[in-house]
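Model, not experiment: these values are computed from the prediction. Just the heavy atoms: all of them, side chains too, but no hydrogens, waters or symmetry mates, feed the values below. Within every chain, numbering begins at 1; the chains are lettered A, B, ... in the order of the sequence lines, protein sequences first and strands thereafter.
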Amino acid sequence: MSDSIIVTSITLVYLVAVLWLGLRARSQNSSSLEGYVAGGRHVGVVILFFILGAEIFSAFAFLGAPGWAYKHGSPAFYILAYLSLVPIVIWSVGPRVADLGRKRGYLTQGDLLADHYDSKPLGVFAGLIGVVALVPYLTIQIAGAGLLFQAATDGLVPFWLGALLAFLVVTAYVFCSGLSGIGWTNLMQGIMMIAIAWFLGLAIPDSLYGGVGEMFSKIQLEMPEYLTMPGATGMGWGAFSTAILISAFGSAMWPHLFMKFYSADSGRSLRRVSVLYPLYAYLLVPLLFIGFAGILAFADTPLERPDTVLLKLVMEVADFSPWIIGLMLSGALAAAMSTGANLAHTAGVVLVRDVFCATVMREASDAAAVKLTRWSVVAVSLLAYVIALLNPSSLVLLLLGAYGLIVQLMPMALGALFFPQLKRQSVMAGAAVGSGLFLLFQFAVDSPFGWHAGVWGLLGNIAVITLFQMAVAKKPAAREAAI
Amino acid sequence: MSKTYHFLVGLHFTVCTLAMIWPGALIANRIEPTVLGMPFLMFWYILWMGLLFVGTWIAYTVRHGGDRNV
């Protein structure tokens, strides 16, 4: 029992520190909409690096990634690959988005699409899908925090209370400080995550096998199939490669990533962040070591839920002191909370800016919009918390579906950024066909060759856009001929 | 920036991407030789993350060099 109290105290101290830092970051900037949403478009390299890093490394990094390595083996490298390819997106798309945003006052994806294609409904639509995708994603972070708390404190802090604590801290600083709060806390939480991940990733193989090299030689002797493709579960190269491509390049359309491009102080800062980004992605390497450590440790009694492998190793196998368990919990909570803060902030902004301000409250002043955004952050977080308590099984499906649909808006967004010749009808028809194909192969029919359903959606999407563009190009000529 | 610059940056990104998926990763799909204790396939990914960093860093330096105002 006293062990659980030590673990809980360490974690509470950590939460208070995050809260203090987040509230302290409140600046005058936070009271205007541009300040609250995009840090006044003045966010520099260091903070930008930690914001973009922290929002992609979520609870999944600490739970899902080791879980993949434990269950599948080498196919887990897909996570390593796609996260290290994200900087390509930041480099190619980011500066253009930042530039257009500065010139034309955009703050969301919906702003860009609605303005470029001169269609308000398009902006509202993009906003709605965005919120539908962000809420389940946030729910997963909150639920992850609850699970971690409950497991690491041996039930002293139950699921509902752990989730509530993490969610209250996040909501409080996002409510008060907006993007500045997220920036400073992400800096602290990012450092925490990296330190804990490397510590555990080296300490666990060391205490179980006497080192990382020894661990891999042992796996090579006993279960070599885990160390090469297609891994222990037989993931094909097609599924592996398309999952990497869609996850890496589709990330350009994740609203929480896309909107941060607007906050950069210059395109140059975004390029510098993309240079440094792979250094953040190295964080996954030790977390994968932990998953590999579980392969032999749980060879006789396989875990029911692979994503508990890190917790089980730390709590039951390695027998660390409660101090280390407390730090582990803080590091894993940091991953969940730093992503959760970005998601709640983005969902609140998108809801107000793209949906409310474009429909029911067109006349709203800047101050009123900030106030409403703050409260919508609270409402969205509360909704996600309630869903986390109910734990509906359809949550993951909702997330997969909504994110798949957002990726189908990518040709449209790239058109607005780089290809002005694309017409509204073509991109809308493309997005409709792409979404249909995606939903078909994701939920109804097996995807051909086992490829990621999003690839088929995008291929159909681009094909339809090309056809429409050719038809549009021919039309004037045909009309002239008729005259 | 010149066309050559954009072509080279694009090429760098394409090579790094292809190295991490099919067909690039096929050539590294083995355990031996182990590097730093890791199976070769895992080291391959870590290597390309490093190469992506180095290449992008060069691209950044060429573009922005000592110029602080862009």
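Taking the six-membered ring where tryptophan is involved, the planes of A:Phe240 and B:Tyr45 are perpendicular, since the angle between them exceeds 60° and thus also 30°.
Atom OH of B:Tyr5 sits in a crowded spot, with more than 12 heavy atoms from other residues, nucleotides or ligands closer than 6.0 Å. Atom CZ of A:Phe418 has more than 12 heavy atoms from other residues, nucleotides or ligands within 6.0 Å. Residue A:Trp237 qualifies as enclosed at atom CH2: its count of foreign heavy atoms under 6.0 Å is above 12. In this structure, A:Trp198 places its CH2 atom where more than 12 heavy-atom neighbours from other residues, nucleotides or ligands lie under 6.0 Å away.
In this structure, chain A has no heavy atom under 4.5 Å from any part of B:Val54. Of the atoms belonging to A:Tyr226, not a single heavy atom falls under 4.5 Å from chain B. Within the 4.5 angstrom heavy-atom criterion, no atom of A:Leu83 approaches chain B. For B:Ala28, no part lies near chain A; criterion is any non-hydrogen pair under 4.5 Å. In this structure, the portions of B:Leu26 lying under 4.5 Å from any heavy atom of chain A include both its backbone and its side chain. Both the backbone and the side chain of A:Pro224 have a heavy atom closer than 4.5 Å to some heavy atom of chain B. Contacts between B:Ala19 and chain A at a heavy-atom distance below 4.5 Å are absent for every atom of the residue. Heavy atoms of A:Tyr277 lying under 4.5 Å from chain B are absent altogether.
The shortest non-hydrogen separation linking A:Ser84 to B:Leu52 is O-CD2, 2.8 Å. Between B:Met20 and A:Ile244, the closest heavy-atom pair is O-CD1, 3.7 Å. Between B:Phe53 and A:Val275, the closest heavy-atom pair is CD1-O, 2.9 Å. A:Phe289 and B:Met42 get closest at one heavy-atom pair: CE2-CE, 3.7 Å.
The CZ atom of A:Arg271 lies 12.5 Å from the OG1 atom of B:Thr61; values are rounded to the nearest 0.5 Å. In this structure, the separation between CG on A:Leu227 and CG on B:Leu41 is 9.0 Å, given to the nearest 0.5 Å. Between atom CH2 of residue A:Trp91 and atom OH of residue B:Tyr60 there is a gap of 8.5 Å, rounded to the nearest 0.5 Å. With values rounded to the nearest 0.5 angstrom, A:Arg272 atom CZ is found 9.0 Å from B:His64 atom NE2.
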Exercise. Could you give me the CA-CA distance, side-chain angles and deciding distance for A:Phe249 and B:Thr17, then say whether side chain to side chain contact (heavy atoms under 4.5 Å, CB included) is met?
Key: CA-CA 11 Å; A:Phe249 298 110; B:Thr17 306; 4.0 Å; yes
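Looking only at distances, no side-chain donor or acceptor of A:Thr228 sits under 3.5 Å from a matching main-chain atom of B:Arg30. Checked by atom type and distance alone, the side chain of B:Asn29 pairs as donor or acceptor with a backbone atom of A:Met229 at under 3.5 Å. With hydrogens and angles disregarded, no donor-acceptor distance shorter than 3.5 Å links the side chain of A:Tyr78 to the backbone of B:Ile21.
The candidate with the highest count of non-hydrogen atom pairs below 4.5 Å against chain B, out of A:Gly213, A:Ala76, A:Gly211, is A:Gly213. Options A:Leu279, A:Ile219, A:Leu276, A:Thr242 differ in how many heavy-atom pairs under 4.5 Å they form with chain B, and the most are formed by A:Leu279. Comparing B:Val9, B:Leu36, B:Ile46 by heavy-atom pairs within less than 4.5 Å of chain A, the highest count is held by B:Ile46.
Looking at heavy atoms from C-beta onward, A:Arg268 lies out of side-chain contact with B:Arg63 at the 4.5 angstrom threshold.
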